[in-house]
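Remember, it's 1-based here, ligands and their atoms both numbered in the order they're listed.
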Amino acid sequence: MENWGLSVFVEQKILLDPEVSSFSYQMDLTMVVVHEICHQWLGDLVTPVWWDDVWIKEGFAHYFEYVGSDFLFPKWNMKQRFLTDVLHEVMLLDGMATSHPISEELFQVADIHRVFDWISYKKGAALIRMLANVMGQTAFQRGINDYLVTHEYGNTARDDLWNSFSQAMQREGKDISIKEVMDGWTLQMGYPVVTISKHESLENTVTISQEHFLYDTDAKIHHHQLFNKRTLLCCSGFQAMQREGKDISIKEVMDGWTLQMGYPVVTISKHESLENTVTISQEHFLYDTDAKIHHHQLYNKRYRPVQIQISDYTLVM
Ligand SMILES: [Zn+2]
């Protein structure tokens with residue numbers, strides 16, 4: 001529990017014996033300590049003005065649990081672990097008809113306990129991670145720094161954070177309204193399923209569309225305004241996709257998944273010299289990077305990396 005200048009822990013979250021404590025216990029304890037230290041800035045130095053934006057301080061603290069622990073113990077592979085522990089878990093919750101927007105108006109005291117749920121912590125952390133990736137590390141760090149310096153010892157609403165991030169982007173010559181991007185994610189529940197399909201008549205063109213994803217397609221959403229597709233689709237002009245070999249063998253695709261263990265981590269990065277081009281590469285994901293794989297043939301990277309040609313894109317999220 002964070003307090004002004006004082007972090008308080010129960011014994012189990014601060015004491016460990018490295019000789020006997022399990023790996024998962026050390027990891028859990030490290031994440032709790034990092035979380036509470038983070039609150040000294042996001043939560044204490046700058047405090048949400050009202051309960052509807054509690055997710056900002058909890059989302060940041062949860063996100064930095066992984067970033068901070070990764071810095072302290074790089075071998076723990078925390079940034080990869082984020083995907084399974086946070087992103088995938090909260091997608092299970094947020095894909096239900098009973099989910100709610102992360103920023104929600106509260107009308108009575110009894111509502112307050114509701115905002116301390118996994119949507120605040122995990123979806124908050126996932127949105128912050130997405131924003132960090134879209135903005136780039138430099139602009140993201142500058143934005144947080146400006147936000148903390150501008151509002152130290154004060155209260156803020158989410159728009160103050162978005163303003164700091166937008167200004168950080170402007171200083172890099174990118175005129176992007178972070179508020180416009182993020183309002184789509186914070187003021188409505190759920191997340192979209194994005195469909196990319198070949199354009200029927202135009203060659204080398206794909207059409208991108210989206211709809212609200214729900215596990216139960218028969219579920220009745222009582223408040224349709226909670227998902228009204230305002231700004232979620234941030235790709236534009238995604239054209240001219242070129243792939244090596246257009247005939248797809250389902251056997252070839254599925255053998256990679258069924259005849260070898262594990263799953264890949266896919267990295268998409270801008271091509272160093274070719275403009276508007278990204279390179280997609282993959283490697284076998286393992287939590288323990290030091291682990292010895294006794295049967296290397298169980299993961300032999302059968303897929304070849306492919307390149308996708310992208311022209312005129314603004315934001316890919
Ligand atoms: Zn917290």
Among the N, O or S atoms of Glu58, the one nearest the Zn ion (ligand 1):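 Nearest N/O/S atom: OE1.
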Aromatic plane relationship, Phe116 with Tyr121 - under 30° parallel, 30 to 60° tilted, over 60° perpendicular: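 Answer is tilted, since the angle falls between 30° and 60°.
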Salt bridge flag under 4.0 Å for residues Asp44 and Lys57: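 Salt bridge: no.
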Gly143 backbone acceptor or donor facing Asp146 side chain under 3.5 Å: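 No; judged by distance alone, with no hydrogens or angles, the pair does not exist.
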Backbone of Phe165 reached by a side-chain donor or acceptor of Tyr147 within 3.5 Å: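 No; judged by distance alone, with no hydrogens or angles, the pair does not exist.
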With the Zn ion (ligand 1) as the apex, the NE2/NE2 angle for His39 and His35 - to 10°: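 For NE2 of His39 and NE2 of His35, the angle centred on the Zn ion (ligand 1) reads 90°.
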Glu36 backbone or side-chain N/O/S under 2.8 Å from the Zn ion (ligand 1):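 Within the cut-off used here (under 2.8 Å), Glu36 places no N, O or S atom near the Zn ion (ligand 1).
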